[in-house]
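In what follows, chains are A, B, ... by sequence order, proteins preceding strands, each numbered from 1. Bear in mind that the values here come from a model prediction, so they are computed numbers and not experimental data.
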There are 2 protein chains.
Amino acid sequence: MTNIKKVSELAGVSTATVSRTLKSPEQVTEATRDKVMQAVKQAGYRPNWLASSVKSGKSNSIVVLVPNLTNPFFLRIIGGIEQAAQEKGYSVLLGDTQGDSKRENEYAGMVLSNRADGLIQLDHSFPFAPQDAELADNVPMVSVCERIEGERKYPVIELDNYAASRALAHHLVGYGHQKFAAIVGQISSQIYRERLAGIRSVLQEENLPLPDEMLVGGSYTIEAGIEGVRQLLKQPVRPTAIFCFNDDIAIGAIHEIKKYGLRVPQDISVVGFDNIKVSAFIDPPLTTVDQPAYDMGRRAFEVLSVLMRGESLTRIREILPFQLVERQSSGPVHSS
Amino acid sequence: MTNIKKVSELAGVSTATVSRTLKSPEQVTEATRDKVMQAVKQAGYRPNWLASSVKSGKSNSIVVLVPNLTNPFFLRIIGGIEQAAQEKGYSVLLGDTQGDSKRENEYAGMVLSNRADGLIQLDHSFPFAPQDAELADNVPMVSVCERIEGERKYPVIELDNYAASRALAHHLVGYGHQKFAAIVGQISSQIYRERLAGIRSVLQEENLPLPDEMLVGGSYTIEAGIEGVRQLLKQPVRPTAIFCFNDDIAIGAIHEIKKYGLRVPQDISVVGFDNIKVSAFIDPPLTTVDQPAYDMGRRAFEVLSVLMRGESLTRIREILPFQLVERQSSGPVHSS
DNA sequence: AGCTAGACTGTAATCGATTACATTTAAAAT
DNA sequence: ATTTTAAATGTAATCGATTACAGTCTAGCT
């Protein structure tokens, strides 16, 4: 490995001069600068990043905790984070947690051991191990979409899930639907509560029921959508509209509804949440709520960046705008 | 920041003993071990990862270069890499290159500056900057799916794209198709040439044509599939079967074909490549070639891991098995 | 010519951990 | 009780860069 010492010898200067030539060239005469640069080139020298980092105490990396890498929605968020990070000279360590707390602990621990300077959590859990909780108090941490559990409040970039769900509900109520069902995602999260509350609030205002047996599901997957529809269609009353808590669920649901020989939206309207790319191209194209995933990622990094500089935030909660995207998976209710 | 010195003082021992207690406890008496562990706990001490890494010269990280984070197929590969890496104590630095060579250079450079120990390339380009090419000679690098360009041969984990394409072609020929078209992906890659060659070889054996005007596309996106179909349907002769070079293209193609009022597969059969998750749930479910993406990722890391240990490989090319997945997007040709 | 200010450059401390080598301690052997 | 041996611990060098501080040199001034 060529190190700074070799270069300094080659150029006939001290290591300090080499370092200065590379970090702050204006402090060095042009003559020596040339000598050094030539030696650098000749030796094929690259400063050892690890060494600079020990010295500075900063790793210029952040960890991103993802519950599920295969969810395309998260991917767009990560894309935004990555882009923003890259622009500021940070790199992104990917932590696929699979929702497993052991893994979360491990990845979160990276921030405590200087392997990373900050953390972005895409899930709702407090990622540090209980014994690390105290240390974690001063750690720059931000969450996206979900709010992190616990008394300590961390900044969050999110959507007004309540309002977005209300928008979806109004959309369906406007079409005259009265028999609703929902296939929900992970139950223990804030998002679940907010989205459900949003839907419930509209239905209550309209005096429409959402009985417990019409709430099925439990994970944000295509399979949950399929299984959800199976359960719903076993019920004596068939719903005419189904809220799916994300687009993956909706894709599974539509697929399964068709298998039963029913039509979307003529027999059952289906709406999703997230607006992943493929949602516009399935049959029928999905009515859903567009989340500005990429921007959410960017913003998350920017906020984290402020925390990492040791500054404090004026706002701890940032709410990005959603958009109701009306496509053909929802429509007026048909009397059977 | 609590460092090893503070802990050593707290425990009344030397820093060496603290280090040994944590790294090789068997070298330390139980009594001192207890003292040290208590001090560690009390101080909330975590070894500074950066410092250990400078010493060892290993960062225990790898960079993964992805041309396009939004492609779900890549995601599964990354998932496999991540899993395998995590098991061996490595972490994954994500490099979203967008196919931009400047970004590739930058990310690849991380390996030269000890920020990462190895590199996995999911694209086909040689990621290092020209001036770094010589240095890059000894860098542990592996590619997945695509082969890296240049004289120097790096290990690659791939599919027999030629054989897989032949399987798809045989499948369609077996249904009696005679008028073929293809919507291809990125043209400059090995994969493009192999897949096309595979298709061509079968068609030639059967004396069937694949005229140049029936080759459209140029990128692995849904949009390319849509645009491709538009171009193909402008031609005087309408194809009865379309090879799409990946599933995203196929999804776009099917969507657009339906827009023209044509049916899949009755009017046009469509086949894809990759078998991404959603392909099984679109309408009609897509006939495609399943690539063991997750395993490919795992395997890529394992191979890289061998290189990073400085050992040499017996085989430089590893070919994983594919599987033809016959679903409902392909079927017998209907005489019009 | 002599002196001073300011620009360059070099020396050596530093970051935080690891580890070769030296030293101390305790146990075992005589 | 003394010597031998092994185990435990400490001291200090080391990894590779950065940087405070000190030293040198040149240019400009009187």
Side-chain angles (χ1 to χ4, degrees), chain A residues 1-40 43-61 89 109-117 135, chain B residues 1-40 43-61 89 109-117 135:
Chain A
M1 188 48 74
T2 61
N3 52 21
I4 199 169
K5 191 127 171 278
K6 242 179 229 152
V7 175
S8 73
E9 284 162 7
L10 238 155
V13 298
S14 72
T15 61
T17 302
V18 176
S19 180
R20 279 191 282 253
T21 307
L22 296 170
K23 293 265 152 153
S24 37
E26 72 283 358
Q27 286 184 38
V28 173
T29 324
E30 204 181 326
T32 44
R33 204 159 51 201
D34 291 349
K35 264 194 305 186
V36 171
M37 290 312 276
Q38 205 197 321
V40 165
Y45 172 67
R46 285 269 191 148
N48 184 318
W49 174 83
L50 288 165
S52 338
S53 297
V54 213
K55 195 74 218 296
S56 69
K58 296 268 151 244
S59 71
N60 285 299
S61 308
M110 289 181 170
V111 188
L112 302 176
S113 54
N114 281 47
R115 190 162 183 168
D117 302 334
L135 294 171
Chain B
M1 185 50 73
T2 59
N3 53 19
I4 199 169
K5 190 128 170 279
K6 242 179 230 154
V7 176
S8 74
E9 284 162 7
L10 239 155
V13 298
S14 73
T15 62
T17 303
V18 175
S19 179
R20 280 191 280 254
T21 307
L22 297 171
K23 292 267 152 151
S24 38
E26 72 282 359
Q27 286 183 38
V28 172
T29 324
E30 203 180 325
T32 45
R33 203 158 53 201
D34 291 348
K35 263 194 307 187
V36 172
M37 291 312 278
Q38 204 196 322
V40 164
Y45 171 67
R46 284 269 191 150
N48 184 318
W49 174 83
L50 287 166
S52 338
S53 295
V54 211
K55 196 74 217 298
S56 68
K58 297 266 150 243
S59 69
N60 285 301
S61 308
M110 289 182 170
V111 188
L112 301 176
S113 53
N114 280 46
R115 190 163 184 169
D117 302 334
L135 293 171

(request) Figure out the CG/P separation between L50(B) and dA17(D), and round it to whole Å. (result) 15 Å
(message) Expressed as a whole number of angstroms, how long is the span from E9(A):CD to dG16(D):P?
(response) 13 Å
(request) Can you see which heavy atom on G44(A) is nearest to which on T2(A), and at what distance? (result) O-OG1, 3.6 Å
(request) Specify the closest pair of heavy atoms between A11(A) and K35(A), including all atoms of both residues, with the distance to one decimal. (result) O-CD, 3.7 Å
(message) Under a 3.5 Å distance rule, please check whether R20(A) uses its side chain to pair with a backbone N or O of V28(A) as donor and acceptor.
(response) no
(request) Just call it for R33(B): base, sugar-phosphate, or nothing, with non-hydrogen atoms closer than 4.0 Å on any strand. (result) nothing
(request) Ignoring backbone atoms, establish whether N48(A) has a side-chain N or O less than 4.0 Å from OP1 or OP2 of dG16(D). (result) no
(request) Answer yes or no: is there a donor N or O on one side and an acceptor on the other, between the side chain of D34(B) and the main chain of M37(B), under 3.5 Å? (result) no
(request) Return the value, rounded to whole Å, for the distance between atom CZ of R46(A) and atom P of dA17(D). (result) 12 Å
(request) Determine the contact category for T32(B): base if any of its heavy atoms lies under 4.0 Å from a base atom, sugar-phosphate if only primed atoms, P, OP1 or OP2 are that close, otherwise nothing. (result) sugar-phosphate
(message) Which is more 5' along DNA chain D, the nucleotide nearest W49(A) or the one nearest E26(B)? Just name the residue.
(response) E26(B)
Polar pairs (N or O, both sides) under 3.5 Å between protein and nucleotides 18-22 of chain C?
residue	atom	partner	partner atom	Å
dT18(C)	OP1	K23(B)	NZ	2.7
dT18(C)	OP2	S19(B)	OG	2.7
dT18(C)	O2	K55(B)	NZ	3.1

(message) Less than 4.0 angstrom between a side-chain N/O of S53(B) and OP1 or OP2 of dA17(C), yes or no?
(response) no
(request) Kindly determine whether S8(B) and T15(B) satisfy side-chain contact (heavy atoms from CB on, under 4.5 Å), including the steps that lead there. (result) CA-CA 5 Å; S8(B) 74; T15(B) 62; 3.7 Å; yes
(message) Nearest heavy atom decides the nucleotide; on that basis, is K5(B) or G12(A) closer to the 5' end of DNA chain C?
(response) G12(A)
(request) Round to the nearest Å and state the distance from K58(A) atom NZ to dG16(C) atom P. (result) 12 Å
(request) Please report the C-alpha distance between N60(A) and R115(B) in whole Å, then the side-chain angles of each, then the deciding distance to 0.1 Å, and finally whether the side-chain contact (heavy atoms from CB on, under 4.5 Å) criterion is met. (result) CA-CA 11 Å; N60(A) 285 299; R115(B) 190 163 184 169; 4.0 Å; yes
(message) Take a 6.0 Å sphere around CD of E9(B) and say whether it holds more than 12 heavy atoms from other residues, nucleotides or ligands.
(response) yes
(message) Taking the nucleotide of DNA chain D with the nearest heavy atom to each, does V13(B) or V54(A) sit closer to the 5' end?
(response) V13(B)
(request) Give the rounded distance in Å between these two atoms: NZ of K35(A) and P of dC8(C). (result) 14 Å
(request) Indicate, with a heavy-atom threshold strictly under 4.0 Å, whether S56(A) touches base, sugar-phosphate, or nothing. (result) nothing
(request) Would you kindly give the CG-to-P distance between N114(A) and dC15(C), to the nearest whole Å? (result) 14 Å
(message) Could you tell me how far apart K6(B) (NZ) and dC15(C) (C1') are, to the nearest whole angstrom?
(response) 13 Å
